[in-house]
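Working notes, beginning with the structure itself.
Both counts, for ligands and for their atoms, begin at 1 and track the order of listing. Numbering starts at 1 and runs along the sequence shown.
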Amino acid sequence: MRLSQKAAGLKESVIREMTRTFNARKGLPGANLAQGFPDFAAPEAMKQAAADAILNDINQYAITWGAKPLREAIATKHGRFYGYTPDPEREITVVCGSTEAMMAALITVIDPGDEVILFEPFYENYGPDTVLSGATPRYVTMHEPDWTLDETVLRAAFNDKTRALILNTPNNPTGKVFSRSEMELISELCQKHDIYVLTDEIYEHIFYEGEHLSIAEFPGMRERTITISGLSKTYSATGWRIGWLIAPPDLTDGIRRVHDFLTVGAAAPLQQGAAIALGFDDAYYDGLKTFYLQKRDYMCGVLAECGFKFRVPDGAYYVMTDFSALSPGSENDVEFALRMIQEAGVATVPGSSFYRDPATGSKKTRFTFCKKEETLILAAELLQSFARKSGILI
Ligand code: PLP
């Protein structure tokens with residue numbers, strides 16, 4: 001069998017391997033804190049609207065770039081939280097999740113040989129997305145402990161081949177929320193070098209410290225920014241596969257053409273449910289923050305007690321940890337994560353999946369806390385007993 005170079009070059013997602021290994025422990029107590037999907041119910045009103053849509057026979061293709069009520073709801077919600085209201089007819093495209101959104105955005109702006117700047121550690125998909133679109137990724141490291149950028153290195157990453165920069169704030173896996181001065185620097189450089197910004201803001205409503213800034217709002221940025229978000233995280237519906245892109249009309253024209261040939265459209269009845277969700281009142285968004293803040297504080301307390309080292313996340317729902325204290329010697333991140341599944345019953349994502357050089361993440365593992373209280377309490381008990389066996393806790 002001969003696979004294309006692109007297909008052959010893709011590794012299977014480590015997250016799926018962790019979930020498979022975790023599921024193979026059938027019947028044993030365990031908590032899967034690997035993949036970032038909620039294990040609790042999605043909002044009732046949103047589900048009801050989708051169910052009604054199916055029963056009312058909204059079961060055929062929606063308009064390729066998104067059902068009108070959903071595009072209008074996205075525009076209105078954007079206007080509520082940000083400084084402008086995008087035109088639902090010319091600036092919004094609904095797609096199958098932020099995952100398709102990033103791919104469609106890259107295909108829209110990239111030619112073979114172009115370079116794309118990525119911040120490292122990165123969300124697992126960005127490397128393969130970049131390669132699939134034909135670009136070469138250029139990595140800029142975010143430095144611990146605070147995941148800061150080195151201005152000199154960032155400036156030097158821009159060259160004649162740079163075409164786009166991928167930004168993700170609030171950030172997976174670090175929990176970093178990019179500051180105003182960092183966003184100003186990125187804006188300055190992208191304008192100076194005439195670069196597009198593809199900003200993944202899927203965690204836009206999940207932050208605990210500071211403010212979530214959207215780069216399209218910075219002076220001179222709206223015309224060169226593709227803003228990506230979706231239903232998965234804000235409305236706890238990762239399985240619905242609904243995402244969207246907000247971009248100026250000429251970019252949106254390109255995005256819509258790419259999207260049409262990639263997937264034709266997102267699920268029509270679910271778009272009706274999504275339109276209702278986007279209209280939720282402020283209490284919903286405030287509640288979401290409080291809800292995740294409690295989970296963050298609980299999980300960070302447990303992880304610190306069990307010997308993990310980390311920076312408390314300012315946003316998103318992950319904790320990127322260093323596990324050195326629980327694993328003296330040469331055990332690497334994948335070995336540790338597999339051992340933790342077997343011995344503790346807790347699944348995580350090995351750190352190397354967020355770095356270009358696996359060695360950089362070899363003492364790291366990422367936990368998610370987007371789980372119901374009982375799952376986190378069980379995880380705490382399992383981790384505490386694991387830490388006791390490791391001699392960290394008495
Ligand atoms: N972008 C980031 C940064 C993520 O962490 C995730 C999921 O974990 C996604 C995108 C996937 O989003 P979607 O479910 O909308 O495809």
Side-chain angles (χ1 to χ4, degrees), residues 13-16 18-19 32-39 42 46 66 70 74 92-106 116 118-130 132-133 137 142 147 165-178 197-207 212 214-215 226-246 255 259 262-263 265-267 270-271 273-274 277-278 288 292 296 313-320 347-351 353-355 366-371:
S13 162
V14 189
I15 300 187
R16 270 184 278 284
M18 292 300 136
T19 298
N32 186 349
L33 305 188
Q35 205 171 353
F37 62 86
D39 63 351
M46 177 181 93
L70 177 54
I74 293 167
I92 295 176
T93 312
V94 176
V95 296
C96 302
S98 306
T99 303
E100 189 205 333
M102 185 56 77
M103 200 64 245
L106 281 163
V116 173
L118 295 178
F119 295 108
E120 179 185 57
F122 44 79
Y123 168 56
E124 230 198 346
N125 283 25
Y126 298 154
D129 283 351
T130 310
L132 286 175
S133 75
M142 298 188 283
W147 306 108
L165 175 147
I166 295 181
L167 182 64
N168 170 219
T169 182
N171 185 261
N172 171 13
T174 63
K176 176 184 173 73
V177 174
F178 280 69
V197 178
L198 280 38
T199 172
D200 178 345
E201 300 183 14
I202 186 136
Y203 299 102
E204 62 186 315
H205 295 290
I206 306 176
F207 59 94
H212 164 63
S214 187
I215 198 150
I226 302 177
T227 305
I228 293 171
S229 193
L231 214 64
S232 289
K233 313 294 174 173
T234 307
Y235 308 98
S236 308
T238 57
W240 281 29
R241 314 305 309 125
I242 301 240
W244 51 86
L245 307 94
I246 300 175
I255 291 166
H259 161 66
L262 276 177
T263 59
L270 302 186
Q271 293 192 45
L278 270 92
L288 190 75
Y292 278 123
R296 177 196 76 163
D314 290 338
Y317 46 48
Y318 306 96
V319 193
M320 184 72 152
T348 55
V349 180
S353 40
F354 306 103
Y355 289 93
R366 190 202 72 179
F367 290 81
T368 183
F369 52 84
C370 61
K371 306 292 170 184

Original post:
Which of these, Tyr203, Tyr318, Tyr317, has its nearest heavy atom closest to atom 4 (C) of ligand 1?
Top reply: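 Minimum heavy-atom distance to atom 4 (C) of ligand 1 goes to Tyr203.
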Report the part of [X] in contact with ligand 1, treating N, CA, C, O as backbone and CB onward as side chain, heavy atoms under 4.0 Å; options are side chain, backbone, both, neither.
X: Asn168; answer: side chain
X: Phe122; answer: neither
X: Glu100; answer: neither
X: Trp244; answer: neither
X: Met102; answer: neither
X: Ser232; answer: side chain

Considering non-hydrogen atoms of the protein only, which is the closest contact for [atom], and what is the distance?
atom: atom 2 (C) of ligand 1; value: Asp200 OD2, 3.4 Å
atom: atom 16 (O) of ligand 1; value: Thr99 OG1, 2.5 Å
atom: atom 12 (O) of ligand 1; value: Ile202 CD1, 3.4 Å
atom: atom 9 (C) of ligand 1; value: Tyr123 OH, 3.4 Å
atom: atom 15 (O) of ligand 1; value: Ser98 N, 2.7 Å

So, does [X] use its side chain to make a donor-acceptor pair with the main chain of [Y] at under 3.5 Å?
X: Asn168; Y: Asp200; answer: yes
X: Arg241; Y: Ala266; answer: no
X: Tyr126; Y: Ile166; answer: no
X: His259; Y: Val94; answer: yes

**OP:** Could you tell me which non-hydrogen atom of Leu198 sits nearest to which non-hydrogen atom of Leu106, and how far apart they are?
**Re:**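 Heavy atoms of Leu198 and Leu106 come nearest at CD2-CD2, 3.6 Å.
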**OP:** Please report the shortest heavy-atom distance between Trp244 and Leu231, naming the atom on each side.
**Re:**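 Closest pair (atom of Trp244, atom of Leu231, distance): CZ3-N, 3.8 Å.
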Original post:
N/O to N/O below 3.5 Å, does that happen between Lys233 and ligand 1?
Top reply: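 It does: an N or O of Lys233 is found under 3.5 Å from an N or O of ligand 1.
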Subject >> Asn172 N/O under 3.5 Å from ligand 1 N/O >> reply: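 In this structure, Asn172 places an N or O atom under 3.5 Å from an N or O of ligand 1.
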Original post:
Is any side-chain heavy atom of Phe367 closer than 4.5 Å to a side-chain heavy atom of Met320?
Top reply: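 The answer is no; the side chains never approach within 4.5 Å.
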**OP:** Measure from NZ or CZ of Lys233 to the centre of the six-membered ring of Tyr235 and say whether it is under 6.0 Å with the direction within 45° of the ring axis.
**Re:** no
Original post:
For ligand 1, is there an atom lying under 4.0 Å from some heavy atom of Tyr126?
Top reply: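 True for this residue.
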Subject >> Enumerated ligand 1 atoms positioned under 4.0 Å from heavy atoms of Arg241 >> reply: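 Contacts of ligand 1 toward Arg241, numbered from 1: 13 (P), 14 (O), 16 (O).
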Original post:
Near Gly97, which atoms of ligand 1 are under 4.0 Å from a heavy atom of that residue?
Top reply: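 Numbered from 1, ligand 1 contributes 15 (O), 16 (O).
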Original post:
Quick one: which of Leu165, Ile226, Thr227 gives a side-chain contact (heavy atoms from CB on, under 4.5 Å) with Thr199?
Top reply: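 Of the listed options, the one satisfying the test is Thr227.
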Original post:
Any chance the rings of Phe178 and Phe119 have centres within less than 6.0 Å?
Top reply: yes
Original post:
Hey, would you say the Tyr317 and Tyr203 ring centroids sit under 6.0 Å apart?
Top reply: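 That pair passes the under 6.0 Å test.
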